[in-house]
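All values below come from the heavy atoms of this structure, side chains included, with hydrogens, waters and symmetry mates left out.
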Amino acid sequence: DMLTTNPPLSMQMPRGKFIIDAFIKDRQPQLGLTLSGTEAQDKGTPSVVGSFAGRVWYAGVESASVSGAAFDDKVKYNSTLFFSQILETHDHAAKCYQENDPTSKDFSEILDTDGGTIELTGAGDIKKIVSLNNFLIILADNGIWTVVGGRDGFTASSYSVRQVSNIGCISADSAVLVEGSLVYWSQAGIYALSVDPQSQDIRTDNITQDTIQTRYSSISILAKKYASGYFDSAQRRVVWSYSGDVSFTGLSDKWVKTKELIFDMVLKSWSPYSISPLAANTPYIM
């Protein structure tokens with residue numbers, strides 16, 4: 001009765017695979033057919049690259065179909081992580097897919113060394129991806145996510161994804177690795193991500209809340225957006241440079257920095273630093 005009421009669809013079973021570019025989804029060469037119009041072409045490609053678990057990771061795609069495309073696959077990659085196969089050769093860096101044919105009746109299984117994609121549900125503009133201990137940290141403008149492997153480390157079939165904070169990163173260049181922690185600028189304050197020794201999970205701390213919160217809040221959103229930092233390991237200081245110019249536009253002057261904010265890791269203290277302009281030809285931190 002079930003077969004009579006719901007007859008099986010009369011269509012061919014999968015008979016093989018072919019690989020297409022993730023961002024220019026052109027199926028014509030592989031199919032050997034001429035399709036009317038053009039396939040959907042994505043506006044952007046990854047702008048963020050990192051390394052973790054012996055693989056290359058890609059993110060930060062500004063995803064939108066190019067206007068005029070006859071086909072729109074509705075595949076958007078804004079919140080997608082691409083990870084390559086294990087790097088045995090340079091060629092593996094571009095292979096973000098499985099090795100076995102997924103349509104094969106004999107060997108279709110995902111291998112531990114395979115590449116793939118991970119969807120970060122709810123993630124916005126991904127600013128940076130950083131490896132911290134056994135975690136891959138993903139800093140987006142609307143929150144922080146982590147990817148961590150199973151008991152034997154990250155594999156294509158054994159990992160977990162979690163959002164650890166809804167306080168996003170406003171500047172990719174502000175994120176700095178500092179002695180086992182990752183510090184970054186948000187709109188609300190400067191945050192530190194570290195591994196909790198008890199739970200072995202990522203914890204977040206606002207390191208400006210009880211110290212320089214008023215000063216930090218006075219920095220314009222635009223200046224925070226183009227702030228950049230580095231770690232001075234010799235003096236154990238984190239130094240961030242940003243613009244203190246009230247006329248700062250973030251356009252032709254986006255790399256001109258007139259102020260620094262310095263955090264001393266030893267003394268746990270903050271120091272502001274200003275670069276006063278000269279009458280002419282003022283030098284700036286670039």
Task: Point-to-point distance, once rounded to the nearest 0.5 Å, from CD1 of Ile110 to OG of Ser158 - done: 12.0 Å
- [ ] Spell out, yes or no, whether Val48 and Val147 are grouped together once hydrophobic residues are joined by side-chain heavy atoms under 4.5 Å, including indirect joins.
- [x] yes
- [ ] Without swapping roles, check the side chain of Asp264 against the backbone of Arg237 for a donor-acceptor pair under 3.5 Å.
- [x] no
Open item on the list: Counting C-beta onward and ignoring hydrogens, is there a side-chain heavy-atom pair between Leu193 and Ile137 closer than 4.5 Å?
Closed with: yes
Task: Neighbour count above 12 (heavy atom, 6.0 Å) for Lys128 NZ - done: yes
TODO: First locate atom OG of Ser104, then atom CD of Glu109, and finally report the distance between them rounded to the nearest 0.5 Å.
DONE: 8.0 Å
TODO: Evaluate salt bridge (Lys or Arg N to Asp or Glu O under 4.0 Å) for Arg203 paired with Asp201, printing each intermediate quantity in order.
DONE: CA-CA 6 Å; Arg203 70 180 185 189; Asp201 203 353; over 6 Å; no
Task: Minimum heavy-atom distance Gly50-Ile129, with the two atoms named - done: N-CD1, 3.5 Å
Task: Ile126 with Val164, same ILVMFWY side-chain cluster at under 4.5 Å - done: no
Task: Step-by-step ring-ring contact (aromatic ring centres under 6.0 Å, His included) determination, Phe52 to Phe83 - done: CA-CA 9 Å; Phe52 176 67; Phe83 62 92; 9.9 Å; no
Open item on the list: Just checking Phe82 against Tyr77, ring centres under 6.0 Å apart?
Closed with: yes
Open item on the list: Side chains of Val195 and Gln200, heavy atoms from C-beta outward: is any pair under 4.5 Å?
Closed with: yes
Task: Minimal non-hydrogen separation, Asn142 against Gln163, with atom names - done: O-NE2, 4.1 Å
Task: Value rounded to 0.5 Å, distance of CG in Asp173 from OH in Tyr184 - done: 16.0 Å
Open item on the list: Within this structure, what is the NZ-NZ distance for the pair Lys225 and Lys254, rounded to the nearest 0.5 Å?
Closed with: 9.0 Å
Task: Heavy-atom side-chain contact between Asn100 and Ser108 under 4.5 Å - done: no
Open item on the list: Using the rule that Ile, Leu, Val, Met, Phe, Trp and Tyr join whenever any side-chain heavy atoms are under 4.5 Å apart, tell me whether Trp270 and Val178 fall into a single cluster.
Closed with: yes
Task: In one Ile/Leu/Val/Met/Phe/Trp/Tyr side-chain cluster, 4.5 Å: Ile219, Val238 - done: yes
Task: Side-chain touch Phe231/Leu177, heavy atoms, less than 4.5 angstrom - done: no
Open item on the list: One pair to check against side-chain contact (heavy atoms from CB on, under 4.5 Å): Leu261 and Trp185. What are the steps and the verdict?
Closed with: CA-CA 12 Å; Leu261 200 55; Trp185 282 32; 4.2 Å; yes
Task: Lys127 vs Ser171 side-chain heavy atoms within contact, under 4.5 Å - done: no
Task: NZ (Lys268) with more than 12 external heavy atoms under 6.0 Å - done: yes
TODO: Before giving the answer on side-chain contact (heavy atoms from CB on, under 4.5 Å), spell out for Ser157 and Asp112 the whole-Å C-alpha distance, their side-chain angles and the decisive distance to 0.1 Å.
DONE: CA-CA 6 Å; Ser157 59; Asp112 289 347; 3.7 Å; yes
Open item on the list: Looking at every heavy atom in both Leu139 and Ala175, which two are closest together, and how far apart are they?
Closed with: CD2-CB, 4.4 Å
Task: Criterion side-chain contact (heavy atoms from CB on, under 4.5 Å) on Gln187 and Ile221, from CA distance to verdict - done: CA-CA 7 Å; Gln187 290 194 31; Ile221 296 296; 3.7 Å; yes
Open item on the list: Could you check whether any side-chain N or O of Asp114 sits under 3.5 Å from a backbone N or O of Ala156, counting only pairs where one atom can act as donor and the other as acceptor?
Closed with: no
Open item on the list: I'd like to know if the side chain of Thr146 reaches the main chain of Phe135, judged simply by a donor and an acceptor atom lying under 3.5 Å from each other, with no hydrogens or angles considered.
Closed with: no
- [ ] Taking the six-membered ring for Trp and the full ring for Phe, Tyr or His, determine whether the centres of Phe154 and Trp57 are under 6.0 Å apart.
- [x] yes
Open item on the list: Please give me the minimum heavy-atom distance between Arg55 and Thr155, naming the atom from each residue.
Closed with: NH2-CA, 3.8 Å
- [ ] Starting at OG of Ser194, measure out to CD1 of Ile202 and round the result to the nearest 0.5 Å.
- [x] 7.0 Å
Open item on the list: Between Tyr226 and Gly250 (side chain of the first, backbone of the second, donor and acceptor by atom type, cut-off under 3.5 Å), is there such a pair?
Closed with: yes
Task: Closest contact, heavy atoms only, Ser186 versus Tyr216 - done: O-OH, 2.6 Å
Task: Shortest non-hydrogen contact between Ala140 and Gly124, atoms and distance - done: CB-N, 4.2 Å
Open item on the list: Are there over 12 heavy-atom neighbours, none belonging to Asp232, within less than 6.0 Å of that residue's CG?
Closed with: yes
- [ ] Would you check if the side chain of Asn206 reaches a backbone N or O of Thr208 as a donor-acceptor pair within less than 3.5 Å?
- [x] yes
TODO: Could you verify whether a donor N or O on one side chain and an acceptor N or O on the other, from Gln85 and Thr113, lie under 3.5 Å apart?
DONE: no
Open item on the list: Has Ser165 got a side-chain atom pairing as donor or acceptor with Ile144's backbone, closer than 3.5 angstrom?
Closed with: no
TODO: To the nearest 0.5 Å, tell me how far Ser241 OG sits from Tyr230 OH.
DONE: 8.0 Å
Open item on the list: Would you say that more than 12 heavy atoms from the other residues, nucleotides or ligands in this model lie under 6.0 Å from the CZ of Arg162, or not?
Closed with: yes
Task: Check: Asp125 main-chain N/O paired with Asp141 side-chain donor or acceptor under 3.5 Å - done: yes
Task: Hydrophobic cluster membership, Ile170 vs Trp240, 4.5 Å side-chain cutoff - done: yes
Open item on the list: Contact between Thr80 and Val61 at the side-chain level, heavy atoms closer than 4.5 Å - yes or no?
Closed with: no
TODO: Please lay out, stage by stage, how Val183 and Phe263 fare under the test side-chain contact (heavy atoms from CB on, under 4.5 Å).
DONE: CA-CA 11 Å; Val183 287; Phe263 180 64; over 6 Å; no
